[in-house]
Each structure stands twice: as structure tokens, then as C-alpha cells.
Amino acid sequence: KAGVTQTPRYLIKTRGQQVTLSCSPISGHRSVSWYQQTPGQGLQFLFEYFSETQRNKGNFPGRFSGRQFSNSRSEMNVSTLELGDSALYLCASSLAGRGFGNTIYFGEGSWLTVV
Amino acid sequence: KNQVEQSPQSLIILEGKNCTLQCNYTVSPFSNLRWYKQDTGRGPVSLTIMTFSENTKSNGRYTATLDADTKQSSLHITASQLSDSASYICVVSGGAGNKLTFGGGTRVLVKP
């Protein structure tokens, strides 16, 4: 079956702009989580959506937001981009989400560079 | 505070040799522990997931162990190959809301 699909794969934005990243989870998965990964910080949890509802949120400023659609596809948006937002943004999907004992599948990520 | 500490941060091994990565956690109550492999610039790929009652789980040349009493886990790579060069991330579930806590990862470089 198809894996987690993230688009775009690479993008370059200018400070102050906004960006929207998209994630299509594995068919049947209702939980979608987003992570930011930078070389110095490792994987940092952004938020989790389950059946269109945000269930968990990490410690990121309000510039980071997300949503999930009825078909479980999810988008995350970052407004007023800063240089420090340059990172690999990973989407993960699973059946039940959180830390329940089901496998969590990651997408290949979206590389965002802010200049 | 729930934490996951991995060691070493990085290591270099020769092709064909074995190595062991360590993961210590303070997450409580414990739900499960996962190991992921992440190639540079790619998304993490699940290797194993273990619950409280499981001591060992294998996935090909990868063997994970779990000691829930001491809150330690290890990932053993047998007969390493060049394709094993990657970061290995330990992730522990538990605590309030059964959230995931990520370790900082161990970067492995296999040299011919």
C-alpha cells in the first residue's frame, strides 16, 4: 500500500513569508502528527490530529498551525517565516496515534529553507 | 520530566563488525519503546516496537532488547553493512496522554 506522502519535497522561502505543507497519510490511518527536525534539536513534536481534531500540541509558537480534513489528509502552515524555521518537517501517520502500540509511519519530509 | 537519552552520540564501525546502541529513559508510566532508522534526508523507518512484557525483538540483523526494570534498551546491529550508516532513534511512549518522547539519536557510520 502507498506510504505517507508529503509535498512539496523541497522549498525555499523568504523571511516573513508563509508556507503550507501537505501530508497524505496511509489509507485508513486517522492520526497524523507533524514534527520539526533540525541538526541540533532532533525531532520536535509540533501537533497531532485525529479525526479532524487537534489532540496534542507541542511547544511551538502560534505561527505554526495545522488542520486535518475529513479524508485524513493534513496540512501545516507556518506564517511570518524566520530563519530558524529552516528544517526538515516530517509527517507521520498511524491508526490510533499517540503512543499506542501501533506502528507509526513517517513520510520522507519537506525540506524548508528560509532565506 | 520524561526524557530519553541515547549513547553514544555517534560511532564509526568497520563493515562486518557488530555494534550496540544504548537508550535510557525516565518515561513513566511506560507504554512501549520503538527504534527507528533514519537515513540522511529521509523519514525515519520503524525497526522494532516493544511493550513492557517483551525483552527481545529482532528485525533481520537488528535486535532490540528491553529491561523495563532498569529502564534501558539497546539496539544491536550484527554484521554491519554500509547501508546501516544512518541515525538510530529511540522513542518511548508513556506518561500523561501516552505521548511519544524522542531520543536525540545515535549516528552510525559504517566504513568499508
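Quick note on labels: first sequence line is chain A, next is B, and so on, each numbered from 1. Note that the structure is a prediction, hence the values are computed from the model and not measured.
Interface remark: of the candidates B:Gly104, B:Gly95, B:Gly41, B:Gly41 forms the most heavy-atom pairs closer than 4.5 Å to chain A.
Within a 6.0 Å sphere centred on CZ of A:Phe69, heavy atoms belonging to other residues, nucleotides or ligands number more than 12. The number of heavy-atom neighbours closer than 6.0 Å to CZ of A:Arg63, taken from other residues, nucleotides and ligands shown, is above 12. Within a 6.0 Å radius of CZ in A:Arg55, other residues, nucleotides and ligands contribute more than 12 heavy atoms. More than 12 heavy atoms of other shown residues, nucleotides or ligands fall within 6.0 angstrom of atom CG in A:Asn71. Residue A:Lys57 places its NZ atom among more than 12 non-hydrogen atoms of other residues, nucleotides or ligands, all under 6.0 Å distant.
Every ring pair (Phe, Tyr, Trp, His ring centres under 6.0 Å) that A:Phe64 has, sequence neighbours left out, goes to A:Phe60.
Proximity to chain A (any heavy atom under 4.5 Å) is restricted, for B:Ser31, to the side chain, taken from C-beta onward. Only the side chain of A:Gln37 comes within contact range of chain B, with at least one heavy atom under 4.5 Å from a heavy atom of that chain.
Under the 6.0 Å cut-off for aromatic ring centres, B:Tyr36 and A:Phe106 qualify, their centroids lying closer than that.
When hydrophobic clusters are built by joining Ile, Leu, Val, Met, Phe, Trp and Tyr residues whose side-chain heavy atoms come closer than 4.5 Å, directly or via intermediates, A:Tyr89 is grouped together with A:Phe47. Both A:Trp111 and A:Tyr35 are assigned to one and the same hydrophobic cluster, defined by single-linkage of ILVMFWY side chains at heavy-atom distances under 4.5 Å. Note on A:Leu112: it clusters hydrophobically with A:Leu83, by side-chain heavy-atom contacts below 4.5 Å among ILVMFWY residues. Note on A:Val4: it does not cluster hydrophobically with A:Leu21, by side-chain heavy-atom contacts below 4.5 Å among ILVMFWY residues.
Taking both residues in full, the closest heavy atoms of A:Leu90 and B:Gly43 are given as CD2-CA, 3.8 Å, listed atom of the first, atom of the second, then distance. Between B:Lys99 and A:Asn56 the shortest heavy-atom distance is CE-OD1, 3.3 Å.
Scanning residues 64-89 of chain B against chain A with a 4.5 Å heavy-atom cutoff picks out B:Ile89, ordered by number.
Side chains of A:Leu88 and B:Gln38 form a contact here, defined as non-hydrogen atoms less than 4.5 Å apart. A heavy-atom distance below 4.5 Å is found between the side chains of B:Leu100 and A:Ile104.
Taken from CG in A:Asn102 to OG in B:Ser46, the straight-line distance is 10.5 Å, to the nearest 0.5 Å.
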